[in-house]
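The first residue of the sequence shown is numbered 1, and numbering continues consecutively from there. The figures here come from the full heavy-atom set of this structure, side chains too, leaving out hydrogens, waters and symmetry mates.
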Amino acid sequence: MSVFEFVIVLACAALAATAGIAFVGAGRRRPAPVADMGQADVSFLFRDCDLQHATPAGAALLSTNTAETDWHALRASLAYRFPDLPDEDALRNIGTVVIPAKSPSDTGLVRLSRENEMVHVEVSDSEPGDVSTIHTIRALQSRNEVLELAAEAAPYPIWMLDGNGAVTWHNPRYGALLGTHGATDAAEPLFDIPSLDHTGSGSARASIRSSGEDRETWYDVTITKRNDRSICHAVDINAVIQAEIAQRNFVQTLAKTFAQLSIGLAIFDRNGQLALFNPALVDLTSLPVEFLSARPQLLSFFDKLRDNRVMPEPKNYTSWRHEISDVIAAATQSSYQETWSLDTGHTYRVSGRPHPDGAVAFLIEDITAEISLTRNFRAELELGQSMMDSFDDALVVFSSTGVLTFCNAAYREMWKMDPDKTFADITIIDSQRVWQERSTPDPAWADIRDFVMRIGERAQWDTEVQQIDGRRMRVYLSPVVAGATMIRFTVTEPVPVSTPAA
């Protein structure tokens with residue numbers, strides 16, 4: 001059916017409806033129409049926005065409108081022909097106004113004239129014939145023009161199917177797709193959607209492939225059933241499809257990355273259910289995969305950790321419950337980190353981090369080897385310190401930048417210095433100042449300072465100095481690893497013992 005034939009059918013239907021309504025005297029519940037309101041077939045009399053009187057044709061015109069006010073109903077009835085009718089506020093102050101029809105080919109007029117508190121509205125037409133009938137036809141034509149423009153200007157394909165699923169009408173956008181994709185039969189639907197029956201309503205995604213190309217174009221097709229016809233709309237969703245593919249690839253990449261991590265990962269959603277975990281979590285906690293796949297709640301997850309002895313054993317269950325609640329609150333609101341020393345000898349570092357949308361992530365890392373290495377290193381340092389403290393010679397080590405990094409007990413006693421009691425670093429300059437204060441003037445101190453700060457190859461050397469109490473000592477300077485310098489003070493002559501006077 002062509003557009004013109006469609007308009008003629010609608011016009012005939014409207015004429016028949018108008019004649020029937022006039023014959024049976026049907027109308028809205030309005031004050032009775034009067035016959036002395038002028039020669040116009042369609043005439044109304046308003047007080048503000050309330051209808052007071054109307055001709056029979058005018059009453060029939062408003063019979064199908066259910067607007068908030070009578071004036072709203074009239075504006076809705078005349079909107080397609082006369083869109084410039086004043087609103088309620090303008091109506092209260094209006095005088096005499098003649099409003100022509102919107103279409104240049106339409107000879108209709110609406111005349112508004114005020115008579116005291118009343119506004120008289122007349123719809124007239126210079127074309128011979130019944131004004132009411134002419135208005136109905138013109139309104140249908142205007143409405144059809146609007147609908148045709150909306151369909152033709154739509155940026156997405158629109159088409160109509162009959163009861164057998166054949167295309168009976170389509171807009172230009174759909175026609176362009178037919179040419180692009182090499183369709184030979186215009187009655188055959190371009191989109192094949194097995195999941196949707198053309199006799200019903202619904203929506204589904206469908207793709208079409210351009211002729212001679214491998215690229216697919218995706219659409220979201222919506223079918224709306226009306227009597228024995230179906231109206232179809234297709235919206236281009238290529239951007240959505242590409243975004244979903246990118247998101248899916250990103251999630252797969254993350255999943256592969258998480259699967260290779262040695263740190264156990266457990267992410268809980270805003271409802272407190274386990275949403276994501278990696279294989280390392282299973283290895284570290286010995287929790288069954290079936291249990292984790294069932295998306296347990298946070299407390300159930302920690303209950304299971306306690307049952308598997310993957311958490312420090314609490315003194316009592318009630319206090320443990322409170323502690324776990326505090327852990328969850330800390331991880332949800334800010335950051336949580338704690339070290340768990342287990343009965344099995346393992347040590348786990350547990351961290352909790354809040355995530356967007358109320359989610360929270362827990363990371364469980366086995367730091368047993370790190371803790372053991374740290375403990376062994378600390379034990380070796382303490383052993384080395386005790387060994388160096390057993391020496392009678394005073395020993396001190398300066399880094400390549402001249403910062404004191406190590407000294408033994410004999411050094412602290414000799415120079416009355418304890419680096420552990422100060423927050424700031426002690427440098428070779430600070431040490432030289434102390435040495436000079438407790439010794440007789442000697443240019444060797446400057447040479448010692450220069451040797452410590454020198455960069456490049458250095459050879460071991462020694463010199464002799466004397467403290468102000470008369471004690472003489474030999475100073476040995478030895479380059480060590482990483483550009484550091486070890487200085488050893490060996491007493492060669494002790495403090496002279498004074499002989500009491502006779």
Side-chain angles (χ1 to χ4, degrees), residues 1-18 20-21 63-67 76-77 79-81 136-245:
M1 180 184 294
S2 66
V3 175
F4 179 75
E5 292 174 336
F6 183 67
V7 172
I8 295 301
V9 171
L10 289 179
C12 293
L15 289 174
T18 303
I21 291 172
S63 62
T64 57
N65 285 285
T66 57
S77 299
Y80 284 103
R81 287 187 75 193
T136 302
I137 296 176
R138 293 288 192 182
L140 287 174
Q141 290 175 343
S142 298
R143 183 174 182 270
N144 182 69
E145 290 176 0
V146 172
L147 295 178
E148 185 177 358
L149 176 62
E152 292 182 353
Y156 44 82
I158 305 174
W159 66 100
M160 181 183 295
L161 303 175
D162 60 14
N164 298 321
V167 179
T168 58
W169 172 88
H170 60 76
N171 70 340
R173 181 60 180 168
Y174 183 89
L177 287 180
L178 289 175
T180 303
H181 296 83
T184 56
D185 187 1
E188 183 71 20
L190 184 61
F191 295 87
D192 182 18
I193 312 175
S195 61
L196 280 181
D197 185 1
H198 67 271
T199 60
S201 300
S203 63
R205 290 181 175 180
S207 64
I208 53 179
R209 192 184 303 273
S210 301
S211 57
E213 297 183 9
D214 294 333
R215 183 176 61 88
E216 287 184 327
T217 305
W218 284 89
Y219 290 87
D220 187 3
V221 181
T222 302
I223 298 180
T224 305
K225 176 70 174 178
R226 288 294 182 269
N227 298 326
D228 61 341
R229 300 171 184 170
S230 299
I231 300 295
C232 305
H233 299 76
V235 179
D236 189 335
I237 57 171
N238 268 318
V240 177
I241 296 297
Q242 294 299 325
E244 291 178 352
I245 294 175

Backbone N or O of Gly163 within a donor-acceptor pair of the Asp228 side chain at under 3.5 Å? no

Of all heavy-atom pairs between [X] and [Y], which one has the smallest distance, and what is that distance?
X: Glu152; Y: Pro172; answer: CA-CD, 3.7 Å
X: Ser230; Y: Ile223; answer: CB-CG2, 3.8 Å
X: Val221; Y: Ala234; answer: CG2-CB, 4.1 Å
X: Val167; Y: Ala186; answer: CB-O, 3.5 Å

Would you say the side chain of Tyr156 lies within less than 4.5 Å of the side chain of Asp220, judging by non-hydrogen atoms? no

Counting C-beta onward and ignoring hydrogens, is there a side-chain heavy-atom pair between Arg205 and Ile241 closer than 4.5 Å? yes

In Å and rounded to the nearest 0.5 Å, what is the [atom1] to [atom2] distance from [X] to [Y]?
X: Tyr219; Y: Leu190; atom1: OH; atom2: CG; answer: 8.5 Å
X: Gln141; Y: Asn144; atom1: CD; atom2: CG; answer: 8.5 Å
X: Arg173; Y: Leu178; atom1: CZ; atom2: CG; answer: 11.5 Å
X: Leu161; Y: Thr168; atom1: CG; atom2: OG1; answer: 7.0 Å
X: Ile158; Y: Thr222; atom1: CD1; atom2: OG1; answer: 11.0 Å
X: Trp218; Y: Asp236; atom1: CH2; atom2: CG; answer: 12.0 Å

Listed by chain and number, what are the ring pair (Phe, Tyr, Trp, His ring centres under 6.0 Å) partners of Tyr174, not counting sequence neighbours? Trp159, His170

